[in-house]
Amino acid sequence: MQSKMQRVSRLKRELQLLNKEPPPGVTCWQNESNMDDLRAQIIGGSGSPYEGGIFNLEIIVPERYPFEPPKIRFLTPIYHPNIDSAGRICLDILKLPPKGAWRPALNISTVLTSIQLLMSEPNPDDPLMADISSEFKYNRAVFFSNARKWTEKHAMPQAQGLNKESQETTHKRKSAEIPEEAKKFARET
């Protein structure tokens, strides 16, 4: 029971910090009232084929967190050598040792920042998608073009069928909703 309370306390602190001081281009919030089920958005970095894209992620926090890493996957399709078609991510800090590099000192903010970096700097030597990895290694221009097309199709606001006005309204509404959700969560502590 004590470890569950420590886990809940740690998650609340992490979410409060993510709300107060989010990493640039990253937002994270609790999905509904279930603390084990989080959502995040990562904005594609400038100069990358994902630039301007809004990528949604699902974060499932295991019972043994922080002794076990969170389970994270992309909900938004992304063309990337280290992310498969189911949204699973090949990243060492998402796995336990000896194969992985997860440590209890890491947190959700660190993991989201690492995923954001992976988006900008794919690791073609540890791919989940061999064909995309090969394209990234040997034909970077084609990779960039394909990744850009996927971003435009799946991750840009117009991909959700929104015109410019409703994009701005939706963005403002989403910006207002996320902190409210986080504020509601913070009041529960």
Side-chain angles (χ1 to χ4, degrees), residues 1-45 48 50 53-78 80-129 155 174-189:
M1 185 69 177
Q2 184 63 26
S3 65
K4 183 175 171 66
M5 288 175 67
Q6 289 171 329
R7 175 178 164 269
V8 167
S9 174
R10 174 173 166 154
L11 274 171
K12 283 182 178 180
R13 279 194 316 273
E14 283 191 40
L15 285 169
Q16 286 169 340
L17 188 60
L18 272 163
N19 183 45
K20 273 191 238 167
E21 299 172 28
V26 173
T27 54
C28 183
W29 65 97
Q30 191 176 332
N31 189 36
E32 304 298 323
S33 61
N34 185 354
M35 191 178 294
D36 300 339
D37 185 8
L38 308 176
R39 293 292 179 268
Q41 283 186 336
I42 296 178
I43 308 296
S48 80
Y50 313 109
I54 300 169
F55 295 87
N56 294 303
L57 294 91
E58 172 187 71
I59 304 167
I60 304 298
V61 183
E63 283 208 15
R64 290 190 24 78
Y65 182 82
F67 303 103
E68 226 175 82
K71 310 253 182 284
I72 302 180
R73 72 181 183 97
F74 275 79
L75 298 174
T76 306
I78 182 169
H80 193 286
N82 306 107
I83 303 161
D84 73 12
S85 55
R88 291 179 299 233
I89 306 160
C90 183
L91 184 63
D92 62 350
I93 64 169
L94 292 175
K95 298 180 211 130
L96 285 167
K99 290 184 178 182
W102 174 258
R103 300 181 321 276
L106 297 174
N107 59 39
I108 291 166
S109 179
T110 309
V111 172
L112 290 171
T113 303
S114 297
I115 292 169
Q116 187 181 40
L117 181 63
L118 182 69
M119 287 171 68
S120 295
E121 299 175 16
N123 178 3
D125 298 324
D126 191 16
L128 276 179
M129 306 295 281
K174 281 185 178 173
S175 304
E177 282 174 7
I178 293 168
E180 274 310 306
E181 183 69 29
K183 285 177 196 166
K184 184 177 94 183
F185 175 70
R187 284 192 296 265
E188 293 170 3
T189 57

Got a second to check how far [X]'s [atom1] is from [Y]'s [atom2], nearest 0.5 Å?
X	Y	atom1	atom2	result
I83	I78	CD1	CD1	4.0 Å
E14	Y65	CD	OH	3.0 Å
Y50	I43	OH	CD1	15.0 Å
I59	K71	CD1	NZ	13.0 Å
E68	L96	CD	CG	6.0 Å
M119	F74	CE	CZ	5.0 Å

So which heavy atom on [X] is nearest to which on [Y], and how close?
X	Y	answer
L18	C28	CD1-CB, 3.8 Å
L11	I108	CD2-CD1, 3.8 Å
P66	W102	O-NE1, 2.8 Å
S109	P23	OG-CG, 3.3 Å
E63	R7	O-CD, 3.1 Å
N82	L118	OD1-CD1, 3.6 Å

Checklist entry - What salt bridge (charged side-chain N to carboxylate O under 4.0 Å, His left out) pairs are there with at least one residue in residues 105-126, not counting sequence neighbours? => result D125-K137
Checklist entry - Would you say the side chain of R103 lies within less than 4.5 Å of the side chain of P97, judging by non-hydrogen atoms? => result no
Checklist entry - Mind checking whether V61 and M35 have side chains closer than 4.5 Å, heavy atoms only? => result no
Checklist entry - More than 12 foreign heavy atoms under 6.0 Å from CZ of R88: is that the case here? => result no
Checklist entry - Looking at L38, D37, I60, which hits side-chain contact (heavy atoms from CB on, under 4.5 Å) with N31? => result D37
Next on the checklist: Applying side-chain hydrogen bond (donor to acceptor under 3.5 Å, both in side chains), can you list everything that pairs with Q116, at least two apart in sequence or on another chain?
Outcome noted: none
Checklist entry - When you look at N107 and R10, which way does the side-chain contact (heavy atoms from CB on, under 4.5 Å) test go after all the steps? => result CA-CA 9 Å; N107 59 39; R10 174 173 166 154; 3.8 Å; yes
Checklist entry - Counting only N and O atoms by type, is there a donor-acceptor contact under 3.5 Å from the side chain of S114 to the main-chain atoms of T110? => result yes
Checklist entry - Excluding sequence neighbours, so at least two apart, what forms side-chain contact (heavy atoms from CB on, under 4.5 Å) with L94? => result I72, I89, L91, V111
